[in-house]
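Contents: one structure, followed by commentary.
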Amino acid sequence: MTLREKMHREQQLKTLFEQAQRHAFDYADGALERNVFPSAQALADLGQFDEPLPAYSGDAESILTKLHSHGSPASVAQTGGRYFGFVNGGILPVTLATKWLTDFWDQNTALHAMSPITSKLEDICEQWLRQLFNLPDNTVAGFVSGTSSAIFCGLAAARYRIYKNHDWDFNKRGHNGAPPIRIIAGRHTHGAVVKAIALLGFGIDNIEWVDCDDQGRIVPSAMPALDDSCIILLQAGNVNSGAFDPLHEICDNANDANAWVHIDGAFGLWAGGTKRLSHLTEGMEKAHSWSVDGHKTLNTPYDSGILLCCDKDALVMALQASGAYLNFSESRDGMLYTPEMSRRARAVELWAALKYLGSDGVDELVYGLHERAVQFADELRAVDFEVINEVVFNQVIIAPSEDDETTQSIIEAIQQSGECWVGGSIWMGKKVIRISVCSWVTTGEDVSRSVQAFVQARQAICGK
Ligand SMILES: *Cc1c(COP(=O)(O)O)cnc(C)c1O
């Protein structure tokens, strides 16, 4: 049998896909109860993957078997209810099922000519997001891999526009001899924003840093005088405290100066799509570009970021693409709004999430994360843990000890318990535990059970 005949047979028989489904269901059932972080045994078993590149085509069924027996146990139980590390997310069942179906489509979302259906659903997502976030009518969306990429696009559009306003065609002339652009960011700006600043050639040392308050919010009175060469980076959701910059006031001042505002709201922008938390993002509609993830708060599968921008020309010109074979159409050609050309059909999962939840469901999902974060903080306070931040959204910062080393030991003890997973951070110069409630799966019981793991870890390390 040739390789092609073998693959043709696999495709026809479909038993491989049934096998994958069995493994997936087995995994899903186990993920709710097993250790959140893989056991030492599971980690040691990863050695099973150390082998030379095979010389010959293998057996697909045994590849899947190997992946399930040695790969599944070494994954983090992210789909269970007790993962609170970083700011990740969960996965809504409907989005996972959508991903399965669309995996069979294997669409390339670059052009309408490549995939009318994904072009259509990107369009619908764009309209719905504009409506949900109450953004200007001319706002367009680019569907990228994550917020890091979305920030990059937003800043590239800002750069294009500011230079254009100063009669400088950046695409042609580049940075050499260009008029200066000022970059203004809060001291608590996320590393992904700083990365985009560096990638785009603005230079990290050129950032005008603005002081923040004890929650990590920009202090408006600390803002420098603005002018039409400024790009201002605001934050909707501090990655540690969950705090929101005062968007309203700063956007008003920026607009008076004809400056560009980008709001990084990787997980926090969704507050603006709710009824009960939208006070946090008040004024966000006055910015020029926004970055947000589907894969965090909204619980779509990973690899789903969105750049929203109310200056379509600047965005499209900044990400400009050309090629004689590219036939742009009257309909949406997704690659015009993204740095990539070929892309998977990630917007279909986003569409499924929004179609399934509706605006009421977005409110219920996001407010639910907030409620569980508040519960976490309350229950931890009740057993004498110090909660450092105002729990305005889904993030809780805990200082379990005055001593950084002790805090680190407590973090490790919690992680090793397998009961839940939380990470550490540095907050105002002090080692802390950060909790991020990001998944729809997390219940009040998961929270209480995790609080017990905190108590036991402190007992083990501090003896009280
Ligand atoms: C996660 C995060 C990012 C980066 O987003 P990715 O999707 O991981 O690229 C940027 N900013 C904030 C505030 C974040 O929480």
Side-chain angles (χ1 to χ4, degrees), residues 76 78 83-91 95 129 141-156 183 185-200 204 207 212 215-218 231-245 247 261-273 277 280-281 284 287 289-308 338-340 343-344 346-347 349-350 353 366 369-370 373 389 392-397 422-427 434-439:
V76 170
Q78 156 83 42
Y83 186 85
F84 307 108
F86 307 96
V87 182
N88 278 1
I91 188 163
T95 63
L129 290 171
F143 300 94
V144 292
S145 56
T147 288
S148 299
S149 179
I151 297 165
F152 179 82
C153 298
L155 295 197
I183 304 285
R187 291 195 187 278
H188 278 256
T189 297
H190 193 274
V193 175
V194 178
K195 182 199 285 188
I197 289 166
L199 271 170
L200 289 163
I204 297 169
I207 299 172
C212 295
Q215 300 298 310
R217 291 177 293 236
I218 287 183
I231 302 176
I232 300 145
L233 293 142
L234 302 183
Q235 187 157 260
N238 177 293
V239 79
N240 288 308
S241 70
F244 291 67
D245 283 335
L247 308 176
V261 178
H262 177 88
I263 300 178
D264 175 24
F267 65 98
L269 207 73
W270 294 105
L277 292 171
L280 295 169
T281 57
M284 71 178 254
S289 54
W290 304 262
S291 45
V292 60
D293 274 322
H295 58 219
K296 288 181 177 172
T297 313
L298 196 68
N299 285 205
T300 68
Y302 287 107
D303 187 47
S304 179
I306 307 144
L307 180 271
L308 294 152
T338 61
E340 304 93 340
R343 277 177 311 128
R344 69 180 199 91
R346 54 174 72 97
E349 295 141 26
L350 182 63
V366 178
L369 303 178
H370 171 60
N389 66 321
V392 296
F393 199 50
N394 67 327
Q395 302 289 115
V396 187
I397 308 178
V422 291
S425 188
I426 305 288
W427 182 254
R434 57 199 288 290
I435 298 168
S436 182
V437 184
C438 288
S439 170

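Just so you know, residue 1 is the first one in the sequence shown, and it goes up from there. Computed from a predicted structure; not experimentally measured. Every number for a ligand or one of its atoms is a count from 1 in the order of the listing.
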Q. What is the minimum heavy-atom distance between Ala243 and Gln215, and which atoms define it?
A. CB-O, 3.3 Å

**Q.** Where Gly265 and Val292 come nearest, the two heavy atoms and their spacing
**A.** O-CG2, 3.4 Å

[atom]: nearest protein contact (heavy atom, Å):
atom: atom 7 (O) of ligand 1; value: Asp293 OD2, 2.6 Å
atom: atom 13 (C) of ligand 1; value: Asp264 OD2, 3.4 Å
atom: atom 5 (O) of ligand 1; value: Thr147 CB, 3.2 Å

(Q) With a sphere of 6.0 Å drawn around OH of Tyr302, does it hold more than 12 non-hydrogen atoms of other residues, nucleotides or ligands? (A) yes

Q: Specify side chain, backbone, both or neither for Phe267, according to which of its non-hydrogen atoms lie closer than 4.0 Å to ligand 1.
A: side chain

Q: With heavy atoms only and a cut-off of under 4.0 Å, state how Lys296 meets ligand 1: side chain, backbone, both or neither.
A: side chain

Q: With sequence neighbours excluded, tell me which residues meet side-chain contact (heavy atoms from CB on, under 4.5 Å) with His188.
A: Cys212, Gln235, Asn238, Trp427, Met428

Q. Hey, looking at atom 9 (O) of ligand 1, which of Gly146, Gly237, Ser148 has the closest heavy atom?
A. Ser148

Q. Any N or O on Ser149 sitting closer than 3.5 Å to an N or O of ligand 1?
A. no

Q: Under 4.0 Å from a heavy atom of His295: give me the atoms of ligand 1 that qualify, with their elements.
A: 7 (O)

Q.
With heavy-atom distances below 4.0 Å as the criterion, list the atoms of ligand 1 near Val239.
A. 15 (O)

Q) Within the distance-only criterion (no hydrogens, no angle test), does the side chain of Ser436 pair as donor or acceptor with the backbone N or O of Phe84 below 3.5 angstrom? A) no

**Q.** Val422 backbone acceptor or donor facing Arg434 side chain under 3.5 Å
**A.** no

Q | Qualifying residues under side chain to side chain donor-acceptor pair (under 3.5 Å), relative to Asn299, sequence neighbours excluded | A | none

